[in-house]
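All ligand and atom numbering here is 1-based and tracks the order in the structure. Starting from 1, each residue takes its place in the sequence as its number. What's counted below: heavy atoms across the whole structure, side chains too, no hydrogens, waters or symmetry copies. These numbers were taken from a predicted model, which means no experiment stands behind them.
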Amino acid sequence: MEQANSAPRKRIFSGIQPSGDLTLGSYMGAIKNWVPLQDEYDCIYCIVDMHAITVRQDPALLRRRTLEQLAQYIACGLDPVRSVVFIQSHVPQHAELAWVLGCYTQFGELSRMTQFKDKSKKHADNITAGLFTYPVLMAADILLYQADLVPVGQDQKQHVELCRDVAQRFNGVYSDTFTLPEPFIPKMGARVMSLGDPSSKMSKSDPDGCVFLMDAPEVIQKKFKRAVTDSETQVRFDPEHKPGISNLLTIYCAATGKSPEEAEEVFQGQGYGVFKPAVGDAVVELLRPIREEAGRLMADKAYLEGIYKEGAERASHLAAKTLRKVYKKVGFVAR
Ligand code: TYM
């Protein structure tokens with residue numbers, strides 16, 4: 001990955017849970033931005049299956065979704081030659097570093113995590129230690145690779161900040177060990193909201209308000225036609241007073257590359273009856289090549305296997321280097 005005769009390039013790490021099908025939210029908040037970063041950075045992109053089991057999963061479905069997610073990563077433009085693309089559970093150093101970092105993370109810090117509070121409300125009958133310590137595993141993911149930047153949606157910012165705090169604490173005790181990572185959050189699409197309820201985040205657990213990357217064009221159109229708007233008629237970007245329309249404008253802008261002002265101009269004098277299907281069309285065209293390519297790749301299991309096996313090998317090599325350093329610093333006897 002590093003080029004000869006030049007300074008090492010900066011590192012990127014990010015991941016998505018295979019706990020459901022990929023959504024337009026995770027595409028716009030994360031993957032879409034991962035693709036161009038490959039030109040300037042050494043990128044490591046992961047399918048975080050160990051995170052997915054913090055809530056109960058169907059094993060056969062988890063296995064299938066993990067492979068589908070890999071096919072969709074590649075179809076979205078991740079290049080497994082330039083970047084390291086792998087499955088988290090294939091690289092045991094993630095769990096090993098997570099244990100060490102857990103010993104440098106405070107109970108109070110984890111208790112303050114918004115996602116933990118939300119998820120433990122949603123899964124009140126199954127609040128596991130794994131759900132609670134999940135941000136520690138995420139910190140291990142990032143710190144193992146000495147990542148400089150972590151491209152994520154708005155909802156993951158708090159976890160990246162915790163990761164920084166833990167890294168800083170460890171560095172303070174044992175001298176510089178970890179690179180301090182920064183979250184990298186897109187201007188457009190950092191928080192795509194539900195089409196059915198623009199006050200809550202688009203999420204795979206709300207299939208009606210959520211567009212999936214693999215949804216057929218007619219399904220996407222139907223979801224946009226039903227999207228919640230308001231009782232006015234004007235297409236105007238005003239998240240506070242017009243959350244539904246502003247969310248649709250954000251999606252339209254992230255899909256077309258237009259600014260909100262340009263988009264307002266396109267729809268000036270036109271009602272929501274024209275606007276909503278136009279947003280649907282933009283999303284259909286954005287996702288069409290991804291859906292088609294992912295379908296083709298899913299039929300080639302040997303190709304996918306080659307990618308995740310090589311990815312795990314490359315990731316493991318980098319991860320082992322950091323873990324060796326950490327074990328030495330905390331005082332473990334070398335093997
Ligand atoms: P996850 O799997 O919930 O989401 C994956 C990525 O998609 C972004 N995202 C969104 N962005 C905008 N609007 C939305 N509605 C939306 N929904 C999801 C998320 O911000 C995220 O970037 N803990 C992480 C996975 C993870 C990770 C990591 C990320 C594990 N280890 C290390 C970065 C680095 C998560 O649950 O994301």
Legend entry - Note: D39-R82 ion pair, threshold 4.0 Å (strictly below): yes
Inset, instruction - Check the side chains of D49 and T66 for a donor-acceptor pair under 3.5 angstrom, ignoring hydrogens and angles. - result: no
Inset, instruction - Say whether V48, considering both its backbone and side-chain N or O atoms, lies within less than 3.5 Å of an N or O atom on ligand 1. - result: no
Legend entry - Nearest-neighbour protein heavy atom for atom 13 (N) of ligand 1, which is reported as residue plus atom name and distance: V192 N, 2.8 Å
Legend entry - Within-cut-off N or O pair, D141 and ligand 1, under 3.5 Å: yes
Inset, instruction - Measure from the ring center of F178 to the ring center of F170 and say whether it is less than 6.0 Å. - result: yes
Legend entry - Side-chain (S246) to main-chain (D238) donor-acceptor, under 3.5 angstrom: yes
Inset, instruction - Evaluate the criterion salt bridge (Lys or Arg N to Asp or Glu O under 4.0 Å) for residue pair R65 and D21; output intermediate values, then yes/no. - result: CA-CA 7 Å; R65 279 184 175 146; D21 295 325; 3.7 Å; yes
Inset, instruction - Would you check whether Q17 has a nitrogen or oxygen atom less than 3.5 angstrom from a nitrogen or oxygen atom of ligand 1? - result: yes
Inset, instruction - Look at atom 30 (C) of ligand 1 and find which of Q115, M50, Q156, H51 reaches it with the closest heavy atom. - result: H51
Legend entry - Pair K10 + E40: basic N to acidic O under 4.0 Å: no
Legend entry - Protein residue, atom and distance nearest to atom 19 (C) of ligand 1, heavy-atom basis: D155 OD1, 3.3 Å
Legend entry - Within reach of ligand 1, part of A30 (heavy-atom separation under 4.0 Å): side chain
Legend entry - For atom 17 (N) of ligand 1, closest protein heavy-atom neighbour: M202 O, 3.9 Å
Inset, instruction - Identify, by atom number and element, the atoms of ligand 1 in contact range of V152, meaning under 4.0 Å from any of its heavy atoms. - result: 22 (O), 29 (C), 33 (C)
Inset, instruction - Report the nearest protein non-hydrogen atom to atom 22 (O) of ligand 1: residue, atom name, distance rounded to 0.1 Å. - result: G153 N, 3.1 Å
Legend entry - Per-atom contacts of ligand 1 with V150, taking only distances under 4.0 Å to non-hydrogen atoms: 33 (C), 34 (C)
Inset, instruction - Of all the heavy-atom pairs spanning K117 and S111, show the shortest one and how long it is. - result: CE-O, 3.6 Å
Inset, instruction - Provide the number and element of each atom of ligand 1 under 4.0 Å from a heavy atom of G29. - result: 11 (N), 12 (C)
Inset, instruction - For ligand 1, note which part of I142 has a heavy atom under 4.0 Å away: side chain, backbone, both or neither. - result: side chain
Legend entry - Over 12 foreign heavy atoms within 6.0 Å of CD, E109: yes
Legend entry - Lys/Arg-Asp/Glu bridge criterion (N-O < 4.0 Å) met for E161, K157: yes
Inset, instruction - May I ask you to check if ligand 1 and G25 share an N or O to N or O distance below 3.5 Å? - result: yes
Legend entry - salt bridge (Lys or Arg N to Asp or Glu O under 4.0 Å) evaluation trace for E68 with R64: CA-CA 6 Å; E68 283 173 355; R64 199 187 78 210; 3.0 Å; yes
Inset, instruction - Give the numbers and elements of all ligand 1 atoms closer than 4.0 Å to a heavy atom of G189. - result: 12 (C)
Inset, instruction - Considering only non-hydrogen protein atoms, determine which one is nearest to atom 29 (C) of ligand 1 and report residue, atom name and distance to 0.1 Å. - result: G15 O, 3.4 Å
Inset, instruction - Could you tell me the residue and atom name of the protein heavy atom closest to atom 5 (C) of ligand 1, and the distance to it rounded to 0.1 Å? - result: I16 CG1, 3.5 Å
Inset, instruction - Using atom types as modelled and distance alone, determine if a side-chain donor or acceptor of W34 lies under 3.5 Å from a backbone N or O of L78. - result: no
Legend entry - Per-atom contacts of ligand 1 with F13, taking only distances under 4.0 Å to non-hydrogen atoms: 32 (C), 34 (C)
Legend entry - NE2 (H123) with more than 12 external heavy atoms under 6.0 Å: yes
Inset, instruction - If the plane angle is over 60° it's perpendicular, under 30° parallel, otherwise tilted; pick one for H94 and Y145. - result: tilted
Inset, instruction - For Y134, counting its heavy atoms only, list the atoms of ligand 1 lying under 4.0 Å from any of them. - result: 23 (N), 24 (C), 35 (C), 36 (O)
Inset, instruction - Just let me know how A190 lines up against ligand 1, side chain, backbone, both or neither, with a heavy-atom cut-off below 4.0 Å. - result: backbone
Inset, instruction - Decide whether an N or O pair under 3.5 Å exists between T23 and ligand 1. - result: no
